[in-house]
Amino acid sequence: MSGLTMSDYASDGSRNGKKEALMNRLLSIKSKLEDNGVDGMLVSKRENFMYLSGFTGSFSYLVITANHSILITDGRYNEQAAQQAPFFEIVKYTKGINAELNEIIKKCGIRKLGFESLHLSYDKFLDLKEKLEVEELKPLKNVVESLRVVKDEEEINLIRTAVRIADEAFSHVLPYIKPGVSELEVAAGLEYFVKKRGGEGASFKTIVASGKRSSMAHGVASEKLIEDGDPVVLDFGAVYRGYCSDMTRTVFVGRKPCAKMEEIYNTVLTAQVEALKRARRGMTGKEIDSIAREIIKGAGYGDNFGHGLGHGVGLEIHEDPSVASSETAIEKGMVVTIEPGIYIEGFGGVRIEDMIVMGDDEPIVLTASPKDMIIL
Ligand code: ZN
Ligand code: ZN
């Protein structure tokens, strides 16, 4: 579409924030075309077309130029696309996607078309290269992702809801964690509750790792039965209207853990709390990571913290910015996790994870579940 102006906003109050956000995102991507040496961009990655257009279907191509915003999808999604993507001209393809794209290319006068090289398959690229009538098909990386890195208010609100649902699921499931219950049952309890509270589902494969399995940083829930004395690492999240949450708590079943486990728990907790306390807007991911890493190293467990401190979360469960070895500064509006852990093979492990949004100066912690040791 052409001539985007404020008057394009609908007057229906509740949708206004969303529409304003969509308009701003579209204007931002349009302003990036020239810098990337293209006069049109083809967007095919789902999270990216969702972000730019509002359309939540499983398949679409967006073609964006300075004066046009076109959403191509198939017959299944006609009505949905028209409702969800107010600033896009909807094209239902009937003649095959390449013929449709060529018509659009002609209509919009596109000569250099950018595409998402991290997403488009090699075969699809060869197909487009052969069939599309453009001077140049230019591979582009992280163009939409670079916009997604700073969340707008609309996104932060959705993320807050996804975090709240996960917090509630955690308190809901605690009474079910007891000897004789399998890790999978606990995972099912979390996931059931997420849907009950309006979430679309789990934001990734739920981790419930009990006993010695807790030393596996990615111990997806198994048939193992929880035993008396087990530590249980619960790492899970919800998806709410496309946006993810991610949290981890480690709880203990039956009794207080042994002195070594208690020391590990307290070390992870101190590292996590200090990172939250000392992180500042503008610090790099690496600097924030090292706050927690130094504390864990100081306690003698440096070799047992084998992953980065955190990662960005949004439409994807893992996205930029990374809070590990990255030199990227964490700026206002970026949403990341802070999740130190200590893992000892054959013994067990502890991880504690919250989500934050960086504020004017300090992080705002989104996750609300308690972090003091829980003995069930
Ligand atoms: Zn997690
Ligand atoms: Zn995480």
Side-chain angles (χ1 to χ4, degrees), residues 47 148-149 151 159-171 173 177 183 186-187 189-191 193-194 199-210 213-222 231-240 243-251 265 268-269 271-273 275-276 279 285-286 288-289 291-293 296 305-326 328 330 334-343 348-358 363-371 374:
E47 289 82 1
R148 282 174 40 203
V149 118
K151 273 63 181 171
I159 290 170
R160 276 183 187 280
T161 305
V163 169
R164 202 194 63 225
I165 292 172
D167 270 328
E168 289 174 2
F170 176 67
S171 20
V173 89
I177 303 175
E183 293 173 352
V186 174
L190 286 167
E191 291 168 18
F193 195 82
V194 163
E200 289 157 44
S203 53
F204 57 94
K205 228 169 175 166
T206 300
I207 291 172
V208 179
S210 63
R213 290 190 80 245
S214 61
S215 71
M216 296 192 288
H218 284 101
V220 168
S222 74
V232 185
V233 175
L234 303 144
D235 185 353
F236 63 98
V239 181
Y240 182 72
Y243 283 84
C244 300
S245 62
D246 187 3
M247 67 173 279
T248 307
R249 289 294 182 267
T250 304
V251 299
Y265 189 91
V268 172
L269 181 60
Q272 208 262 355
V273 169
L276 293 175
K286 195 176 174 176
I288 298 176
D289 177 284
I291 299 171
R293 200 164 298 279
I296 290 175
F305 176 24
H307 56 76
L309 182 64
H311 54 87
V313 185
L315 287 165
E316 289 173 272
I317 186 64
H318 289 119
E319 57 181 47
D320 283 339
S322 122
V323 188
S325 52
S326 154
T328 307
I330 306 303
M334 291 185 178
V335 173
V336 297
T337 66
I338 300 292
E339 49 175 310
I342 294 176
Y343 315 93
V350 171
R351 179 166 63 259
I352 300 172
E353 173 180 29
D354 285 338
M355 270 170 69
I356 63 161
V357 55
M358 187 51 79
I364 299 154
V365 182
L366 302 176
T367 313
S369 296
K371 288 183 281 200
I374 295 175

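Each ligand, and each atom within it, is numbered from 1 in the order the structure gives. Please read all numbers here as calculations on a predicted model, not as lab measurements.
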Between R351 and Y343, is any side-chain donor less than 3.5 angstrom from a side-chain acceptor? yes

How is the N/O/S atom of [X] that comes nearest to the Zn ion (ligand 2) named?
{"X": "D246", "result": "OD2"}
{"X": "E339", "result": "OE2"}
{"X": "E353", "result": "OE2"}

Begin from the C-alpha positions of E339 and D246 and carry the test side-chain contact (heavy atoms from CB on, under 4.5 Å) through to its verdict. CA-CA 10 Å; E339 49 175 310; D246 187 3; 4.1 Å; yes

Do you see an N/O/S atom of D235, backbone or side chain, under 2.8 Å from the Zn ion (ligand 2)? no

So does H318 have any N/O/S atom less than 2.8 Å away from the Zn ion (ligand 2)? no

Ring centres under 6.0 Å, that's the criterion: do H318 and F204 meet it? no

Just by modelled atom types, is the M355 backbone N or O under 3.5 Å from a matching donor or acceptor in the T367 side chain? yes

Using atom types as modelled and distance alone, determine if a side-chain donor or acceptor of E183 lies under 3.5 Å from a backbone N or O of S222. yes

